[in-house]
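Small disclaimer: the values here were computed from a predicted structure and weren't measured.
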Amino acid sequence: MTNITWILIIASLMLVVAMLAARRHRRQLRSLEDFQSQWRPLDLEAFANLLDPTEEKFLQENLPRAEFRKIRRQRLLVIWEYVGRISFNARLMVQAGQIIQHHNTGMEAIRAQQHVQHAMQLRVLVFAAQVSLVMKVVLPGMETPLQTLLQKYGDIAHSFDNVLEPRVMQTTM
Amino acid sequence: MLDIKLIQNAVWACGPILLAVTAWLLFRRRLHQQFPWFFRYLLFVIAKSPFLFAVFKVDRGASYFYAYYACEAVSIALAFGVLYEVYRNILIAGSLAISRSTFFSVCVGLMMLAVLNTLFMEVVDDNLHWRSVFILNTVVRLMQVSLLGVLLVLTGFFGFYWQSQTFGIALGYGVYATAELVTSAVRMYVGDSVQLQVNLAKVLSYQIAVVIWISYIYKAKTQPKLSEVPSTSLVDFVPPLERLAK
């Protein structure tokens, strides 16, 4: 393809993206009610059960191979749906936090800033989980190189506890 | 038969009026303090038109050529300031850190990619000046479009919040930069037989950008009503995600 073709492709993509972005911009959060209506509910207990390796092992040992593969596929689809919801909620949290940062100062802005940071870290973790999930489907026996990634995010679980607790800090705002 | 030159001149003549309206709206809503680079850009472009018109009346040749492209260079430099402002407005504290040096590094990286792309471009024009102008214009516009593209991708991934006026500025300038990129590439590839159509497309796309700016700045009256962090627990999501990622 000639370079002008590439430029025309890039330009067309940008215009499509601009239209989608304009549509998305109209659906941005306007109020707490918006946030609550857009939030996607999630049954964490059910999600944790789906990820329980002992349960998967039990199914593998007690079901015929074809049946196990079918159920495993269905479980993976449900897990994918759950992870998608967490991803959506994390993006919602980033947006909510940034709105508060734009229109508030002092302690509320600082709390919102921490909230945004943690929500962004969660979003990255979700992406890693999605990649791992795809790898498990495509290459079920392969070890995924995500252990190092997990080590890096090992302290997120501890720092999340501080997000919802008020912290006394000195500000110059 | 439509007189393209007449249409182009009519559209061009609306430019300073629309830009003045944009600058006035920005000033009236006190947004010129939040977007100083955008305000300076608007004032410069408003002042540029009568200046270039005066130069054109005195000398239509080399003086006008150099004055036009000198003003273009300043406009483009100010436009990068506007894009930096857009980045700073979206990537606020707590999200991705974007200092001037980081932004400059990103621009340099994108410039290298853009230069690589244009090295293989076919340019029909034999005139060295025009070839240089077109190639430089393509590099700059590719950089600007890419900067906006990167920001859109990051927003899609993380869900960043765009204030109405920030979105309007980015959208307007994105439309204009994309149109400039396409017209420049077409002109390089086809030659000066399409010069009139290219000029009209450029002028029209700029006025569309200005109208987008006016509409989004005007709409920026209402602010979202969120005063405190909604009470949801993100910590509960982490252990199952970590288990999944193993």
Open item on the list: Using side chain to side chain contact (heavy atoms under 4.5 Å, CB included), reason through B/F158 and A/V124 one step at a time and then give a plain yes or no.
Closed with: CA-CA 8 Å; B/F158 287 112; A/V124 173; 3.8 Å; yes

- [ ] Could you look at B/L181 and say if it's the side chain, the backbone, both or neither that has a heavy atom under 4.5 Å from chain A?
- [x] both

Task: Stepwise side chain to side chain contact (heavy atoms under 4.5 Å, CB included) check, A/H25 with B/L171 - done: CA-CA 11 Å; A/H25 182 256; B/L171 181 66; over 6 Å; no

Task: A/Q28 side chain to B/W162 backbone, donor-acceptor under 3.5 Å - done: yes

TODO: Starting at CE of A/M120, measure out to CG of B/L154 and round the result to the nearest 0.5 Å.
DONE: 8.0 Å

Open item on the list: Is B/S146 in contact with chain A via its backbone, its side chain, both, or neither, using a 4.5 Å heavy-atom distance?
Closed with: neither

Task: Taking every non-hydrogen atom, the tightest pair across B/I90 and A/Q98 - done: O-NE2, 3.0 Å

Task: B/W37, CH2 atom: more than 12 neighbouring heavy atoms under 6.0 Å - done: no

Open item on the list: How close do A/V94 and B/G159 get, counting heavy atoms only, and between which atoms?
Closed with: CG1-O, 4.0 Å

Open item on the list: Which atoms of B/L142 are under 4.5 Å from chain A, going by heavy atoms: the side chain, the backbone, both sets, or neither?
Closed with: side chain

Open item on the list: For A/F127 and B/F157, take the angle between the two ring planes, folded into 0 to 90°, and tell me which bin it lands in: parallel under 30, tilted 30 to 60, perpendicular over 60.
Closed with: perpendicular

